[in-house]
Amino acid sequence: MPEQDRIRLAELTKDEFAVAMREGRWVLLPFGTMEAHGPHLPLATDLLQAEHICAAVATRVNGLVAPPLPYGVCRTFRNFPGTISLTPATLQAVVRDVITEYVRHGGRRFGLITGHAEPAQMEAMREAVLPLVNSDPALTVVTIGPYDFLDPVRREAGLVGADGHAGSIETSGMLVVAEGLVRMDRIPKVTRPRLSKFRVMANPEREFPTGVRGDTSKVSRDLGERVMQHVVNEIANLLQRIEREGTE
């Protein structure tokens, strides 16, 4: 495969990598989790979707997809089997070290794209890179979460106020990303449960014993195609606009 067609950073040689950094190519870093996603989705759902999105965006913006980070901050689903969580401090330290190293080798544009929506995850990612952009304002770093662009899709699908973890949108997306890993016969019939807003709970899973926090009644590959196409378009347009105009 010609060098210019490669989007996986780990597949480059050292010299190809050096050229890519001099060219100012976007480095896209997928972030995921090992986290329970109901009885029907794999533990790596967040990671698989982030990798899929990064790869699709990279082809649009001449970017490179860095090796992913498969662990994240998982508090809400921490008591379900298979959930492996980092502390925010650990995630922050790892992200800072990784980005610092890419910068040391000439990286200038970074897209940190996570498939995991927990606020502590997003905050740790932003805090990790803040000292770097403070010391070098010419660096471009964006952090993007899985739900940042989904409002139009939710409205169109009738899922406003009903979408959630392992629900219709996330499950539909997985039908596009890794259909063979979706256990369609195990999807629980769930409408979005009532969730505590203020209480700090030792066993939050009691409010969603299936491991699902969203309406599962509208799962379809068509919805998944619309989700993925919309998110990829929005992220690619955002990065191109920043590169072209220097602003969002």
Side-chain angles (χ1 to χ4, degrees), residues 30-53 68-88 90-91 113-125 145-148 150-151 153-154 157-224 226-228 231:
F31 290 83
T33 55
M34 283 288 289
E35 181 185 41
H37 280 75
H40 61 294
L41 292 178
L43 298 172
T45 289
D46 294 339
L47 177 65
L48 293 170
Q49 294 205 17
E51 286 188 293
H52 178 91
I53 290 167
L69 184 65
Y71 298 104
V73 182
C74 305
R75 290 170 170 169
T76 306
F77 292 85
R78 64 188 182 275
N79 293 329
F80 284 101
T83 298
I84 308 298
S85 181
L86 302 179
T87 65
T90 297
L91 178 62
I113 300 174
T114 177
H116 182 53
E118 196 149 338
Q121 170 101 356
M122 299 300 301
E123 184 65 20
M125 291 165 57
Y147 299 137
D148 284 339
L150 282 181
D151 284 350
V153 181
R154 284 198 188 100
L159 288 167
V160 174
D163 185 29
H165 183 86
S168 290
I169 283 183
E170 193 162 32
T171 302
S172 297
M174 282 300 291
L175 290 176
V176 175
V177 173
E179 184 174 6
L181 299 180
V182 180
R183 285 71 161 180
M184 293 291 290
D185 59 328
R186 302 181 194 175
I187 298 176
K189 293 181 179 179
V190 176
T191 55
R192 185 170 172 85
R194 182 186 179 279
L195 303 172
S196 295
K197 183 176 180 180
F198 300 107
R199 290 181 62 194
V200 179
M201 303 176 68
N203 299 101
E205 68 277 1
R206 291 176 182 172
E207 295 186 330
F208 39 90
T210 64
V212 178
R213 298 180 77 189
D215 185 335
T216 59
S217 68
K218 299 184 178 182
V219 172
S220 72
R221 186 178 178 89
D222 177 68
L223 175 58
R226 283 183 280 140
V227 167
M228 289 298 158
V231 170

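For the single chain, residues carry numbers from 1 onward in sequence order.
Among residues two or more places apart in sequence or in another chain, the ring-ring contact (aromatic ring centres under 6.0 Å, His included) test is passed with His37 by His165. Partners of Ser172 under the side chain to side chain contact (heavy atoms under 4.5 Å, CB included) rule, at least two apart in sequence or in another chain, are Val219, Leu223. Residues forming a salt bridge (Lys or Arg N to Asp or Glu O under 4.0 Å) with Glu179 (at least two apart in sequence, or on another chain): Arg221. Arg199 pairs by the side chain to side chain contact (heavy atoms under 4.5 Å, CB included) definition with Ser196, Met201, not counting sequence neighbours. With sequence neighbours left out, the side chain to side chain donor-acceptor pair (under 3.5 Å) criterion links Thr216 to no other residue.
Side-chain N or O atoms of Arg213 include none that pairs as donor or acceptor with a backbone N or O of Gly211 at under 3.5 Å. In this structure, Lys218 contributes its side chain and Leu159 its backbone to no donor-acceptor pair below 3.5 Å. A donor-acceptor contact shorter than 3.5 Å is absent between the side chain of Glu35 and the backbone of Gly82. The closest donor-acceptor contact from the side chain of Thr83 to the backbone of Ala36 lies under 3.5 Å. With hydrogens and angles disregarded, no donor-acceptor distance shorter than 3.5 Å links the side chain of Asp163 to the backbone of Gly158.
Phe80 and Phe208 get closest at one heavy-atom pair: CZ-O, 3.5 Å. Nearest heavy-atom pair across Leu181 and Arg183 is O-NH1, 2.6 Å. Taking each heavy atom of Glu207 and Leu195 in turn, the nearest pair found is OE1-CA, 3.6 Å. Across every non-hydrogen atom of Ser168 and Ser217, the tightest pair is OG-N, 3.4 Å. Nearest heavy-atom pair, Gly115 versus Ala50, reported as atom, atom and distance to 0.1 Å: N-CB, 3.7 Å. For the pair Gln121 and Gly32, the tightest heavy-atom approach, listed with the atom from each and the gap, is NE2-O, 4.2 Å.
Summarising the geometry, atom CG belonging to Asn79 is positioned 4.0 Å from atom CD belonging to Glu205; distances are rounded to the nearest 0.5 Å. Taking CE of Met228 as the start and CD1 of Ile169 as the end, the distance is 10.0 Å to the nearest 0.5 Å. For the atom pair CG of Leu41 and CD of Gln49, the computed distance is 8.0 Å after rounding to the nearest 0.5 Å. Tyr147 contributes atom OH, which lies 4.5 Å from atom CD of Glu170 (distance to the nearest 0.5 angstrom). Here Met174 contributes atom CE and Leu48 contributes atom CG; the two are 5.0 Å apart, rounded to the nearest 0.5 Å. Atom-to-atom distance recorded for Ser220:OG and Arg226:CZ is 6.0 Å, nearest 0.5 angstrom.
Here the side chains of Arg78 and Pro204 are in contact, with some heavy-atom distance below 4.5 Å.
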(Q) Assess the residue pair Thr114 and Asp46 against the criterion (side chain to side chain contact (heavy atoms under 4.5 Å, CB included)); give the C-alpha distance rounded to whole Å, side-chain angles, the decisive distance to 0.1 Å, and a yes or no. (A) CA-CA 7 Å; Thr114 177; Asp46 294 339; over 6 Å; no

Q: Test side chain to side chain contact (heavy atoms under 4.5 Å, CB included) on Val212 and His40 and set out the steps.
A: CA-CA 10 Å; Val212 178; His40 61 294; 3.8 Å; yes

Pairs under 3.5 angstrom only: tabulate donor-acceptor contacts from the side chains of residues 69-76 to other protein residues two or more places apart or in another chain.
none

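Exactly one of Leu86, Thr45, Ile84 qualifies for a side chain to side chain contact (heavy atoms under 4.5 Å, CB included) with Met34. That residue is Ile84.
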